[in-house]
*Asks:* 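Handing you this structure, nothing more for now.
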Amino acid sequence: SKRNVTGSIAKVDLKDVSDMPNINIGQAFRGRVAGVTFKDGGRPGQSGALLVRGPRSLSGGNDPLIILDGMYYEGSLDDINPNDIQSIDILKDASATAIYGSRGANGVVIITTKRGRNGTAKINYDGYYGVQTQGKFLDVMNLQQYAAYENTLADEFGLNRRAEFADPTKLGPGTNWQDAIFKNARQQSHTLSISGAKDGTDYYVSGGYFDQDGTVIGSDFNRYSFHANVNSQVKTWFKVGSSISANQSKENIGLGNSYGIIYNALLQAPDASVYNADGSFAGPVVVNGTVQGGQNPVQEALSITNS
């Protein structure tokens, strides 16, 4: 309760975010709570980094303590269905350590899930379907520009020009490797719940499914979730209840991180092809016995998995 806390308490108004396609709980914080920042992880389904009043340690962790229905929560925020959340309160000041000890030094996020309300059983469905597109592409050379650049380098170093680059104006655009590795990615979410309360017993049961493809080929995320809250006032002095959650998440991140698919695609020259004439993946270009360029980024994205 607020009377037990001398520091600042922030409350996330979930009414403002209920109509938005939130992939995970972290996105509900974005731009809505002073002193709380959320940085997307970039991968499909990834919750990213949640910071309360900024980073506090250079060597230790900066993640806030998560309290889910009164219990310490050690799992990932990716695994919680946002549609099951009733309220989110944030203890931002160091005074939270008086309640939760040193684990509350980075702030405390208190999450309460939904419960049934008095009245007849209520069945609710929440769902959406959408498409994600890559918002920005970097400006790189096409094949004509690349051929002219290669000819200039050959002249500067006293080397023979490549025969196929004799007249760059007669060449086509070549391979746009950014177009090859990025795609329009679907995203969908479905949650079905039933809730109610009668004769001192309230209940809330839900099942959810979330599926998201990455805008980079070879990456995706899906999650199945189940949540149930049942509480009963057996006597005026005795209340019993249970909160049960189960989920299964599967993620394929491929080589999307750091020096991965995007990095390799930007380094690949436009004279290299994605596929050979027989439909197999094309390899690096070989000029005068020398391999130019790296491995085929599309082949790496579709052949190398990291689940």
Side-chain angles (χ1 to χ4, degrees), residues 21 23 39-46 48 129-188 211-222 251-307:
I23 298 172
K39 181 181 179 181
D40 272 319
R43 301 201 310 262
Q46 186 183 23
Y129 183 93
V131 177
Q132 304 168 103
T133 60
Q134 185 65 23
K136 181 180 180 180
F137 295 92
L138 298 183
D139 188 17
V140 295
M141 293 181 182
N142 59 28
L143 183 54
Q144 292 183 353
Q145 295 168 328
Y146 179 74
Y149 177 67
E150 283 278 298
N151 289 341
T152 300
L153 289 179
D155 294 342
E156 289 289 335
F157 288 96
L159 303 175
N160 293 326
R161 291 186 175 187
R162 290 171 57 176
E164 61 269 32
F165 289 168
D167 188 355
T169 61
K170 294 183 178 180
L171 298 174
T175 301
N176 186 321
W177 286 100
Q178 291 182 92
D179 286 345
I181 64 167
F182 287 111
K183 66 175 182 178
N184 292 334
R186 60 186 176 83
Q187 174 181 313
Q188 60 180 321
D211 182 44
Q212 181 184 29
D213 285 343
T215 55
V216 177
I217 59 176
S219 61
D220 55 73
F221 175 89
N222 66 69
E251 178 184 21
N252 179 25
I253 63 175
L255 292 180
N257 287 348
S258 301
Y259 298 101
I261 301 302
I262 300 175
Y263 181 82
N264 293 342
L266 292 174
L267 293 181
Q268 192 68 284
D271 63 332
S273 300
V274 179
Y275 299 100
N276 295 314
D278 60 1
S280 61
F281 289 111
V285 176
V286 179
V287 180
N288 298 325
T290 302
V291 176
Q292 294 191 355
Q295 296 297 317
N296 187 331
V298 176
Q299 181 179 8
E300 290 181 318
L302 299 179
S303 302
I304 302 176
T305 60
N306 184 3
S307 297

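Along the sequence shown, residues carry numbers from 1. Everything numeric in this text was worked out from a predicted model, so none of it was measured.
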*Asks:* Is it the case that the side chain of N151 and the backbone of F165 share a donor-acceptor pair, with hydrogens and angles ignored and the cut-off at 3.5 Å?
*Replies:* yes
*Asks:* With distance as the sole test, does D220 use its side chain to make a donor-acceptor pair with the main-chain N or O of G214 at under 3.5 Å?
*Replies:* no
*Asks:* Starting at CG of D139, measure out to CD of Q145 and round the result to the nearest 0.5 Å.
*Replies:* 7.5 Å
*Asks:* Mind listing the closest non-hydrogen atom pair of A282 and S273 along with its distance?
*Replies:* CB-O, 3.2 Å
*Asks:* Around F137, counting heavy atoms of other residues, nucleotides and ligands shown, do more than 12 lie under 6.0 Å from its CZ?
*Replies:* yes
*Asks:* Between T215 and Q132, is there a side-chain donor-acceptor contact under 3.5 Å, judged purely by atom types and distance?
*Replies:* no
*Asks:* Does N142 reach the main-chain N or O of Q144 with its side chain, forming a donor-acceptor pair under 3.5 Å?
*Replies:* yes
*Asks:* For residues V285 and R162, determine if any side-chain heavy atom of one lies less than 4.5 Å from a side-chain heavy atom of the other.
*Replies:* yes
*Asks:* Atom CZ of F221 and atom CG of D211: how far apart are they, to the nearest 0.5 Å?
*Replies:* 9.5 Å
*Asks:* Tell me whether the count of non-hydrogen atoms from other residues, nucleotides or ligands lying under 6.0 Å of CG in D167 goes above 12.
*Replies:* yes
*Asks:* Identify the heavy atoms of A148 and P168 that sit nearest to each other, and give their distance.
*Replies:* N-CG, 4.0 Å
*Asks:* Can you name the nearest heavy-atom pair linking A180 to V274, along with the distance?
*Replies:* CB-CG2, 4.2 Å
*Asks:* Within the side chain of N306, is there an N or O that forms a donor-acceptor pair under 3.5 Å with the backbone of I253?
*Replies:* no
*Asks:* To the closest 0.5 Å, what do you measure between CD (Q178) and CG (L138)?
*Replies:* 5.0 Å
*Asks:* Which value, rounded to the nearest 0.5 Å, describes the distance between D155 atom CG and L153 atom CG?
*Replies:* 9.0 Å
*Asks:* Give, for atom CG of L143 and atom CD of E164, the distance between the pair rounded to the nearest 0.5 Å.
*Replies:* 9.0 Å
*Asks:* Please report the closest heavy-atom contact between L302 and F281, naming both atoms and the distance.
*Replies:* CD1-CZ, 4.1 Å
*Asks:* Could you go through the side-chain contact (heavy atoms from CB on, under 4.5 Å) check for Q268 and T175 one step at a time?
*Replies:* CA-CA 9 Å; Q268 192 68 284; T175 301; over 6 Å; no
*Asks:* State whether the number of non-hydrogen atoms from other residues, nucleotides or ligands found under 6.0 Å of Q134 atom CD is greater than 12.
*Replies:* yes
*Asks:* Please answer whether the main-chain N or O of Q299 pairs with a side-chain N or O of S303 as donor and acceptor at a distance below 3.5 Å.
*Replies:* yes
*Asks:* So which heavy atom on Y129 is nearest to which on Q188, and how close?
*Replies:* CD1-CB, 3.7 Å
*Asks:* Is W177 close to N296 at the side-chain level, that is, under 4.5 Å between some pair of heavy atoms?
*Replies:* yes
*Asks:* Just verifying a value: how many Å separate N222 CG and N252 CG, rounded to the nearest 0.5 Å?
*Replies:* 10.5 Å
*Asks:* If every non-hydrogen atom of M141 is compared with every non-hydrogen atom of Y146, which pair is closest and at what distance?
*Replies:* SD-CA, 3.8 Å
*Asks:* What do the steps show when you test V216 against F182 for side-chain contact (heavy atoms from CB on, under 4.5 Å), and what is the final call?
*Replies:* CA-CA 5 Å; V216 177; F182 287 111; 3.6 Å; yes
*Asks:* With heavy-atom distances below 4.5 Å as the criterion, would you say the side chains of E150 and D271 are in contact?
*Replies:* no
*Asks:* Going by heavy atoms in the side chains, are Y275 and V298 under 4.5 Å from each other?
*Replies:* yes
